[in-house]
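Everything on this sheet refers to the single structure shown next.
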Amino acid sequence: MKKFNEYSSFEEKILSTLKKKPSDLLALSHKLGEDVTPVNSMLQHLQVYDKVQCINDIWRVKK
């Protein structure tokens, strides 16, 4: 389990990457150098908090 600071940093990393260019789960995982499972888990978390959305399997920051 990641510590809170690592968790917050991971969240910011995903959001900043998606702000630059929306992408699918596999491409995002590859860009971040992370496994698919933690990235997917964080995306689901961010979606619950209405920060990101998925349209046609492409994740993007919600405006």
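Because only heavy atoms are used, hydrogens play no part in the values below, and waters and symmetry mates are left out as well, while side chains stay in. The model shown is predicted, which means the values in this text are computed figures rather than measured ones.
Taking H45 as the reference, Y7, Y49 meet the ring-ring contact (aromatic ring centres under 6.0 Å, His included) condition, with sequence neighbours excluded. By the salt bridge (Lys or Arg N to Asp or Glu O under 4.0 Å) test, K13 is found to be paired with no residue, residues two or more places apart in sequence or in another chain being considered. Residues that satisfy the side chain to side chain donor-acceptor pair (under 3.5 Å) test with E11, not counting sequence neighbours, are K51. Taking the side-chain contact (heavy atoms from CB on, under 4.5 Å) definition, one finds that S23 meets it with L18, A27, L28, K31, sequence neighbours left out. Taking D57 as the reference, nothing meets the side chain to side chain donor-acceptor pair (under 3.5 Å) condition, with sequence neighbours excluded. For D50, the salt bridge (Lys or Arg N to Asp or Glu O under 4.0 Å) partners are K62, not counting sequence neighbours.
Remark: side-chain polar atoms of S16 are paired, donor with acceptor, to backbone N or O of E12 under 3.5 angstrom.
Hydrophobic clustering of Ile, Leu, Val, Met, Phe, Trp and Tyr side chains at less than 4.5 Å, counting indirect connections, unites L15 with V36. By the rule that hydrophobic residues join a cluster once side-chain heavy atoms approach within less than 4.5 Å of another member, L25 and I14 end up as members of one cluster.
The stretch residues 15-25 participates, sequence neighbours left out, in no salt bridge (Lys or Arg N to Asp or Glu O under 4.0 Å) pair at all. Here ring-ring contact (aromatic ring centres under 6.0 Å, His included) pairs that include residues 11-35, with residues two or more places apart or in two chains, number zero.
Minimum heavy-atom separation, F10 to V39: CZ-CG2, 3.9 Å. Among all heavy-atom pairs drawn from P22 and R60, the shortest one is CB-CB, 3.7 Å.
In this structure, CD in Q53 is found 9.5 Å from CH2 in W59, a value given to the nearest 0.5 Å. Taken to the nearest 0.5 Å, the CD atom of Q44 stands 8.0 Å off from the SG atom of C54.
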